[in-house]
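Input: a single structure, listed below in structure tokens.
Residue numbers start at 1 and run along the sequence shown. Scope of the values below: all heavy atoms of this structure, side chains included, with no hydrogens, waters or symmetry mates. Numbering of ligands and ligand atoms starts at 1, following listing order.
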Amino acid sequence: MIVFGASSASLLVSLFVLSRLGLLERIVISIITARNPSTDTSRLITGQTLPIPKLLVGDMIGVQRVFNLTIQHGTMEYVSGQQTPTSGYNGPILGPTLVMNKGDDVVINVTNDLGEPTTTHWHGLHLPAVMDGGPHQRIEDGQTWRANFTILNEAATYWYHPHLEGKTAEHVYSGLAGLFIVRDEATDKLDIPRRYGIDDIPLIIQDKFFNDDGSFNYPGTSTGVKGDIILVNGAITPVLEAPAQIVRFRLLAGSNARIFNFGFSDDRQFYQIGTDGGLLEAPVPLTRLLLSTGERAEILVDFSADESQEVRLVSYSSERKNIDAFWAKDKMDISTFDVLTVKVIAATQNAVTRLPESLVTIARLDESQVDMARSFKLQMVSFRINGQSMDMNRIDETIKLNDTEIWEITNQSEMAHPFHIHDIQFLILTRNGSRPAENERGWKDVVLVKPQETVRLIAQFSDFADPNTPFMYHCHILEHEDGGMMGQFVVV
Ligand code: C2O
Ligand code: CU
Ligand code: CU
């Protein structure tokens, strides 16, 4: 692609000028949003029972909780009688859910049987940079990488996925991703659902294009691949039998590029209780929940009056068509589409029947105690941040250990970008000068920054210093990240 691969300085300058006007992007958008729709969708197998990723608690070896993951190829049957080549951790697609307690000394042995190098990144976890699994922790084919760290994070839902320089999008699209559930004593005392697969349901929501033979079609579109078939936990628009009581869903927007605007088909209210890196202070009532790539949300939904009824989790994407200039180009984004059908069955014993009034206390960082402020400008042309495209040999920011910083992220492009920072969890201070919505007032590691918007974040960079190994910050639209919208920081 000439436009995005341009390296000549004068071309870049003129592209930059054009892009400030928004013209270039509009032109480029219309050229490259030509999609490869899934061909014969009538043959795809839909409506299967929602698969629940296997729960792994690890083996206690001495004081360590040890997990083993193998990155491997597999096949799935998405068109009857056809084998779809896929990849997964310990299975054909996605990976097991790893459960651990705050304070655990965890070992994860990751064996790469993919036939090519990759990495595995622990998204959202606060750990030493050498254990982060980013682009610098390459796992060569046939090798095992041993990650060892202590769980310092709050109880929440995190995830893992490949992060090889330039290859993240392709590897994730092929099926590589899985969840972590961190538990802690404080939240274990709360009266909220926690029976995995019964009233505590993980939902990894993704999208793909399919070829006629059932194989995944990865067009590699540089603006971001948004497929036209929705998969939840690796199955196409599946069905969940949920008990007639309060049910907790842990949602991961795990697409390469698609942003979801979740809600229920009957417009019912639900309650967000958790963000990327912890629980909220109290449940926040919602009817819509915007979730961009990499973000997680925990919600409670009350099905107690719905026995033997059906309700669908959908994405009311068309309601958000003003998000960016790209939205109108995608046929899913201008519609409302199904994600999951919930069939409500009889309640279980010991059902949670009441909504908790409060959840946790968030130790908010003090804005008057800030050591440093930085600004980051997101630019679409050549996928840059502050004018620079990712270079693994360049450190962009150096941060002092234990400093509290404000990061001001400004989106200078015509497309919304989910901005993600490794190592830390942050709090959103303002969006264009205003306080964020109630459901964004918890710990986060991804924030969607809309065109021309400025988001201010606060975070503390504690515990782990390493002048030799950087952490990443980047757009979590995986094609943008691979295209260069990523930078590196060290904590010293
Ligand atoms: Cu979810 Cu740098 O990654
Ligand atoms: Cu990450
Ligand atoms: Cu982006």
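Near atom 2 (Cu) of ligand 1, less than 2.8 Å away, sit the protein N, O or S atoms H163 NE2, H422 NE2, H474 NE2.
Ring to ring, H476 and W159 are close: their centroids are under 6.0 angstrom apart. Aromatic rings from H474 and H422 are positioned such that their centres are separated by under 6.0 Å.
The closest approach of H417 to the Cu ion (ligand 3), by N/O/S atoms, is made by ND1.
A 4.5 Å side-chain heavy-atom check between D132 and D423 finds every atom pair outside the cut-off. Between V172 and S174, every side-chain heavy-atom pair lies at or beyond the 4.5 Å cut-off.
A donor-acceptor contact shorter than 3.5 Å is absent between the side chain of T293 and the backbone of G254.
For the pair SG of C475 and ND1 of H480, the angle at the Cu ion (ligand 3) is about 130°; rounding is to 10 degrees.
For the pair R288 and Y316, the distance from NZ or CZ to the six-membered ring centre is under 6.0 Å and the angle to the ring normal is within 45 degrees.
Judged by distance alone, the side chains of Y89 and T70 never bring a donor and an acceptor atom under 3.5 Å apart.
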